[in-house]
Structures are given as C-alpha cells and as structure tokens.
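Chain identifiers are assigned alphabetically (A, B, ...) following the order of the sequence lines, protein sequences preceding nucleic acid strands; residue numbering begins at 1 within each chain.
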Amino acid sequence: MHAPRREGRRVRIPGDSNVSQSASAETPHIVVEDLHFRRGRKPIFDGLSLEVPRGRVTTVMGPSGSGKTTLLRLIGGQLRPDAGRILVDGEEIGRLSTRRLYAVRKRMGLLFQTGALLTDLSVFENVAFPLREHTELPEDILRTLVLMKLEAVGLRAARDMDPAELSGGMARRVALARALALDPELIMYDEPFTGLDPITMGQIVTLIRRTNHSLGLTSVLVSHDVNEAMSISDHVVLIAEGRAVDAGPPDALQARASDWSAQFLEGRPDGPVPFHYPGASYQDDLLDAGGRNHD
Amino acid sequence: MIDAIASVGRFSLDALAVLGRASMFLLRIFAALDAVVRRFGLTVWQVYSVGVRSVLIVVVAGLFVGMVLAYQGYITLVDFGAAEALGGVVALSLVRELGPVVTALLFAGRAGSALTAELGLMKTTEQLSAMEMMAVNPYRRVFAPRFVAGFLSMPLLAAMFSAVGVMGGYIVGVGLLGVDSGAYFSQMQAVTDWNEDVMSGVIKSIVFGFVVSWIAVFQGMDATPTSEGISRATTQTVVVSSLAVLGLDFILTGLMFGGN
Amino acid sequence: MKMRFVELAVGVFVLLGVAALFYLAVQVSNITDYRDGDTYEVTAYFSNVGGLKVRAPVNISGVRVGRVADIRYDPEAFEAKVTLAIRSEHDYLPADTQASIHTAGLLGEQYVALEPGGDYDTLQDGDRILFTQSAVVLENLIGRFMTNMGDD
C-alpha cells in the first residue's frame, strides 16, 4: 500500500538521547550500542541503540513483536547479542563470565509479565527466596525484611497464600516485592499493565512510581500501553523494526512526534507501520495459490 | 524415495541434536553436584516427592509380581517334581530381572513423568527464567537435586520390590500351594548368590535410576513451553525411559551373566 | 513442621530400603557363605566333576563345613583339580579322608561330600585328598546298566 518511508523513521536518536542524558547529570545506567539480534532467521534487533538514564523511569515502547521482552532478556544476560554491546554500569553483559553475570544480576530485578512466582512456595517464601539464596540472614531479620517488602506492595496479609490463589495483579505485586528483596539498583518491568483492570492498573502504576521515587532506583518498563507508560515515565524510547525510532521525555515526544511515533502514540491502524504484514501483494498471492491448485 | 531418505536424515540429525543437548545438560548437572552436597535439604525434599511417594506402588506391584511368579513357577516345577525349588526361581527372577526392571518402569511412569511435567510447567511459567534473573542457577537449585534424588531412590525402591516380591512368593508358594517353608528359603539361598545375583541387580537399578532421572529431568528442561509441549515431553519421558531401561537391561544382562 | 515431616518420611524410606537390601542379603542370598571366616584349602582330583560349580557346598555327613573355592583342569594330571575351602574349626579331618561328588536329589545341585577315614595325621592347608570319587554321570550309569543287562 504505502512504501515504508525509511528515512522518516531514523530521527535524530543521538540528539534525543543526549538531551535526556544532560537532564541527569550522571552517566546512563544502561547503554545499548548497535545491538543486533536474530531469532532463527528473523531479525529482532538491527542496530538498536539506546540509553537508560540512572535513577529515572524509562519506558521502551513499541508494537507487539518488536522485541521489547527480548530486550529485557538481553539486558539480563539470558540471551546474548549477535553483535553490538549492552553495558550495564559499564559492564558488557554479553561478555561476562557466568559468575560475574550472576553478580550483576543480584543488582537487578526483573518483573515478569506473569509474575513467575515459584508455585511450590508460599507468598512469604517467594519473597524470602532471593534472601535465602544469597544471604545467611537469621530467621527473625529475614522475616522482618520480607514483611517490609510485602507491606510496601500492600500484601502483608496475603503472606500465607499460595501463588495459585492470587489474582494477576496480586501476583505481579508479590513479584515486585520479590524483585525488590535484594534492594537492586535497577528494576525492569515486562509489560506491567497488560491484562489488568483499571483499579489494579492504578495500583501498579502507583507502585512503580513510588518504588522509583523512594528508592531512587533505575526503572525500565517495556509496554505498549501508551497512556500509563507516558504518565509515569521520565524518558521514553520508541522502537520499531529493530531500531530506536524516537526517544526523549514524554511531552517532548508527543509535541514533535515523527510520522511513526504519531501513529503509535495515537493508535492509528495504518500509516508508516502498515496494517498488512509485509509480503507479496494480495493479488499475486491469490493468483499464485490458484496456479498451485491447478497443478 | 528421495523424500524418505531426507526424512531419515532429518530424523537422525534431530536425534543427534537431542543427544548433544542431553549430554551438555548432564555435564552441567555434574558441575552443579557440589550444590547438592552443600544444600542436601533440597535433595531430601526431592527424595520425598520422587522416592517416598513411589513406595506404595512399588511395594504393591512387588507383592503381586512375587505372588504370580510363585503360581507360574509352581505350575512348571511341579511337573518335574521340583516344587521345592520354587524359592530359588522366585528369588532369582526378582533379584536379577524383575526387581530392577519393573521398578524402573513403574518409577518412569510414576515419578519420571511427574518430574518432567513439573519442570516443564516451571519453564512454561517462566519460573526457571525468574530464578536465573534472581542470580539463582536452576541447575544447582532445581535440576541437580531432582536428578540425584531419582538416582538415589531407585536402588532402594528396587530392593523393596524384590524383598516384598519374595514375601509374596512365600504367601502363595508356602501358604497356598503347600511348598515346605524351610525348603522355600533354603533353595533360595542355595541358588541366589550375593555378588552375582543381588549385587548385579543393585547395579542394574543404579544404572536405571541414573538413566530414568536423566531423561525425566532433561525432558522437563527441554520441553517446548506450551501445554502441548509439556504433554509431549511427559509422554516422551515414559516412552524413552521405558525403552532405555529394557534395552539397557538386555545389554547389562549380557555383560553380567553372558560370560558363564 | 512440613520439613520435619519430609525429613522423617525420607529417613523411614531410606531405612526401609536398606532393610530390604539386608533382607535380600541374609534371607534370600547366600551372603552367609562369604563370612566363612578363616579357612584352609585342600585339593582333590576328580576324573569328572559333572556339574559341580564354584561355591558349591562341602559337607560331612550332610553338615556343611566349607565350599568349593576353585575348579580347573590340570593338564599334567589329566584330571580336574578342585580346591576346597574348609572352615578352620574343622581341622580334625584325617589325611585319608575321601571326597566324592554327589547330587542333591535327582536333578539338584551338586556338592562335595567328605567321608573321614581313620588316619592319625590330619589334612593341612595345601594338602591333597587322595581318595576321590567322581560325579555320577547319568548317561554313563544308564549305559552301564544296559550293558549289564546284556551280560545276563
């Protein structure tokens, strides 16, 4: 239908990230440089570069299938890039030894979409899990810590429940308590708003904000819920087709959005991102299929 | 024709790939064995869910197999006027073959499939991934304790199976068919050698425990993370480990008893 | 609480397994044979050992005193050399003791039966039993019976 206007998408990324960087005086917490990653034959990232400022809420937005979750896994070191670098606190994740990687992971938390609570442990034990694994705290201190974390997410009373008894939003809050158990410097949320009712959504939004502000940790969200994400982020990166197409503070982004960003942020069905998955033209396909049937 | 050859090729390549992954998996488990020693409580917990929970089925099966053996053995032996040799027949069949093999098959069905399903579900619900992100190595925390538990439980279960089977044989042979009680045990002791028969049965069950646990844990780890993938992996565990047990039994029997 | 129960159950499980192995050892197999304690060995030559096997019992008057330790063919004597391990407390066997291979029942296991002679000297470790009687081979027996029938 429309030929993709490639030149229109590669908007001043370096400039944008510089703007956000100067906003936070410190060095960025995460730097992704020219990241290439493919799954099977399908390229997911094709030269992605972005920066996550320290101590802020950064949201990575993009259409489904744009590899947002994959990005979190690459940052967490569960996947290794085919080319390019990911620096977390200056350490190149793809090249760390397992031992170093685990040390880095102790300083980061990842909140899975489903919560990924350990189903054979109670809520209390789930939050206690990282503490038991990595520290030798006496039982009473451990209990205090776990109750503090649970209190922070408002689920202290649910400590004896099994993960199976929790609703989706509660499971996510327990997972947040668990991710915060080791007091990480960086926390990543994978689609924290998906599939939640408005009230629970509001609770999660508040929690993300509050954890960020009170603990001063760097938060990375991946999401395609434009409104919520825009409302809590200090910095937004839009990705599509394996690259960062736009980046900056939310209001600036909305003010001077490129074609693509505008389409995404306003949710128009067609535009630079075509409605149809790219492929042979409809007409050719029908004719071709007809031809094959006659074989 | 070409297609057929190609599919044979594809099948072989797939099989090789699985074998390679399974071997890597085993090496990683070996590398994680120190964690098993350091936190033995985790393994104890797994021995409970893998071993203790299999006791009932193993004991009941052993009892019945022993009783059937006594019936069948008696029918054959009484024709030769050698009904007194019943104890030997029952004990040898149990200790050498049926104990290790049937226990391994039951274990694959009872504990192996449960292990695979549990691990497959943990993978599907991203629990393993979450552990990795919490800097907890699933090989040390999840796979190795389960593997070791299966490996330790099997010889104990097989011994229970054989012992209960001997008693089942006694109930039928002595209680029902009137074989002399003293002859039952003295014949048994005359033909059953500790080294050659009992120990080789124990060695068999150790090998089977190793193989079945390996297959079960690997299939769970390797399962496609969908509900269909879990069900396929569970079936695979039972099928592959049963065939492996029977095939290995043939080889081990040949090695142990073939010479004489 | 829960962990305590699990530990207890696993403990019982392991004990049961070990008990089963112990049962197999003591009640089912011949492990008692391995605890013969001190033995001394004597040899005996047989022209035919029949189906005698290593570890077969060695009896005197039906009472077990030892076991067959080794069976091999001696190419110099053209006979089978059987080594008997006899428990040390049976050190009173006269030097002219006779050894014969018997069968328990018609088709049963074969064993070595010793019949003490009247000599004052006793068998010592490494001695050879001079008087032996080979295994009865059923075919030979039947063959001889048939020939005797013909002679009549």
To the nearest 0.5 Å, atom CG of D120(A) lies from atom CH2 of W45(B) at 8.5 Å
Nearest 0.5 Å, what's the CE-CG distance between M134(B) and L110(A)?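 With rounding to 0.5 Å, CE (M134(B)) is 9.5 Å from CG (L110(A)).
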Proximal component of M188(A), with respect to chain B [non-hydrogen, under 4.5 Å]: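 For M188(A), side-chain heavy atoms alone lie under 4.5 Å from chain B.
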Do Q127(B) and L117(A) come within less than 4.5 Å of each other through their side chains, counting heavy atoms only? no
Salt-bridge present (E132(B), R73(A); N to O < 4.0 Å):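 The answer is no: the pair does not qualify as a salt bridge.
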Looking at every non-hydrogen atom in both residues, tell me the closest pair between [X] and [Y] and how far apart they are.
X       : Y       : value
T125(B) : T114(A) : O-OG1, 4.0 Å
A135(B) : R105(A) : CB-CB, 4.0 Å
A130(B) : F112(A) : CA-CE1, 3.4 Å

Given R141(B), M131(B), R39(B), the one with more heavy-atom pairs under 4.5 angstrom with chain A than any other is R141(B)
Can you tell me which of Q113(A), K106(A), M108(A), R178(A) forms the most heavy-atom pairs within a distance under 4.5 Å of chain B?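 The residue among Q113(A), K106(A), M108(A), R178(A) with the greatest pair count is R178(A).
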Does atom CZ of R21(B) have more than 12 heavy-atom neighbours, drawn from other residues, nucleotides or ligands, at distances under 6.0 Å? yes
Is the count of non-hydrogen atoms from other residues, nucleotides or ligands lying under 6.0 Å from R110(B) atom CZ greater than 12? yes
Who in residues 126-139 of chain A is close to chain B, using a strict under-4.5 Å heavy-atom cut-off? F129(A), P130(A), E133(A), H134(A)
